[in-house]
**Student:** 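What follows is a single structure, and I will ask about it in a moment.
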Amino acid sequence: MKPIKLFYLKNCPFCKRALSYIDELKKREEYKEIVIEMIEESEEPEIADRYDYYYVPTFYVEGEKVHEAGITQDEVEDIFKKVLS
């Protein structure tokens with residue numbers, strides 16, 4: 001399984017929504033074991049500065065940006081499916 005790297009800001013409404021979707025999806029048996037490295041951009045700027053993105057939430061899988069900015073639950077699920085394949 002490929003780990004997901006998620007860049008977010010704790011006060012961002014789009015990030016809060018994405019985190020809610022992640023929590024809901026991880027309740028499903030098929031997604032429970034997915035590993036997400038969560039990086040709060042303002043708390044870890046030295047890590048965030050190494051990646052090419054402008055908006056949060058931003059998802060990376062194996063160093064590849066797979067989504068940037070507002071996200072739907074279906075799009076989060078698509079990312080989950082990608083890491084399981």
**Student:** How long is the straight-line distance from NE2 of His67 back to CD1 of Ile79, given to the nearest 0.5 Å?
**Tutor:** 6.5 Å

**Student:** Could you walk me through whether Leu25 and Ile34 pass the side chain to side chain contact (heavy atoms under 4.5 Å, CB included) test, one step at a time?
**Tutor:** CA-CA 10 Å; Leu25 288 167; Ile34 288 178; over 6 Å; no

**Student:** Give a yes or no on this: more than 12 heavy atoms of other residues, nucleotides or ligands lie within 6.0 Å of atom OH of Tyr53.
**Tutor:**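 Count over threshold, so yes.
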
**Student:** Roughly how far, to the nearest 0.5 Å, is the CE atom of Met38 from the CD1 atom of Ile22?
**Tutor:** 6.0 Å

**Student:** Hey, could you give me the CZ/NZ distance between Phe7 and Lys65, rounded to the nearest 0.5 Å?
**Tutor:**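 Going from the CZ atom of Phe7 to the NZ atom of Lys65 covers 10.5 Å.
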
**Student:** Check whether Glu68 reaches the backbone of Tyr55 with its side chain - one donor and one acceptor, N or O, closer than 3.5 Å.
**Tutor:** yes

**Student:** Take Arg28 and Glu77 through the test salt bridge (Lys or Arg N to Asp or Glu O under 4.0 Å) and record every step on the way to the result.
**Tutor:** CA-CA 11 Å; Arg28 297 187 195 171; Glu77 187 168 15; 2.8 Å; yes

**Student:** Mind listing the closest non-hydrogen atom pair of Ser42 and Leu9 along with its distance?
**Tutor:**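 Looking at all heavy atoms of both residues, the closest pair is N-CD2, 3.7 Å.
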
**Student:** Is the shortest side-chain heavy-atom distance between Leu19 and Tyr8 below 4.5 Å?
**Tutor:**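 Contact flag for Leu19/Tyr8 side chains = yes.
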
**Student:** Would Val76 and Phe14 show up in the same hydrophobic cluster when neighbours are defined by side-chain heavy atoms closer than 4.5 Å?
**Tutor:**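 Cluster IDs for Val76 and Phe14 differ.
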
**Student:** Which pair of heavy atoms, one from Glu41 and one from Ala48, lies closest together, and at what distance?
**Tutor:**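 Of all heavy-atom pairs spanning Glu41 and Ala48, the closest is CG-CB, 3.9 Å.
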
**Student:** Count I, L, V, M, F, W, Y as connected when their side-chain heavy atoms are under 4.5 Å apart, and connections chain through other members. Are Leu84 and Leu6 then in the same cluster?
**Tutor:** yes

**Student:** How would you list all residue pairs meeting side chain to side chain donor-acceptor pair (under 3.5 Å) that involve residues 12-26, not counting sequence neighbours?
**Tutor:** Glu24-Lys27

**Student:** Give, for atom OG1 of Thr72 and atom CG of Asp78, the distance between the pair rounded to the nearest 0.5 Å.
**Tutor:**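 If I round to the nearest 0.5 Å, the distance is 7.5 Å.
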
**Student:** Quick one: does any side-chain atom of Glu40 pair with a main-chain N or O of Glu43 as donor and acceptor, under 3.5 Å?
**Tutor:** yes

**Student:** So which heavy atom on Ala69 is nearest to which on Thr58, and how close?
**Tutor:** N-OG1, 4.4 Å

**Student:** Could you state whether Val61 and Ile47 fall into the same hydrophobic cluster, counting links through intermediate Ile, Leu, Val, Met, Phe, Trp or Tyr residues with side-chain heavy atoms under 4.5 angstrom apart?
**Tutor:** no

**Student:** Using 0.5 Å steps for rounding, measure from the CD atom of Glu37 to the OH atom of Tyr60.
**Tutor:** 12.5 Å

**Student:** Can you name the nearest heavy-atom pair linking Ala18 to Pro57, along with the distance?
**Tutor:**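 Reported closest heavy-atom pair: CB-CG, 3.8 Å.
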
**Student:** Taking it one step at a time, do Glu64 and Lys2 satisfy side chain to side chain contact (heavy atoms under 4.5 Å, CB included)?
**Tutor:** CA-CA 11 Å; Glu64 176 188 346; Lys2 305 165 198 161; over 6 Å; no

**Student:** Which residue, Val83, Ile36, Val66, forms the side chain to side chain contact (heavy atoms under 4.5 Å, CB included) with Phe59?
**Tutor:**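 So the option named by the test is Val66.
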
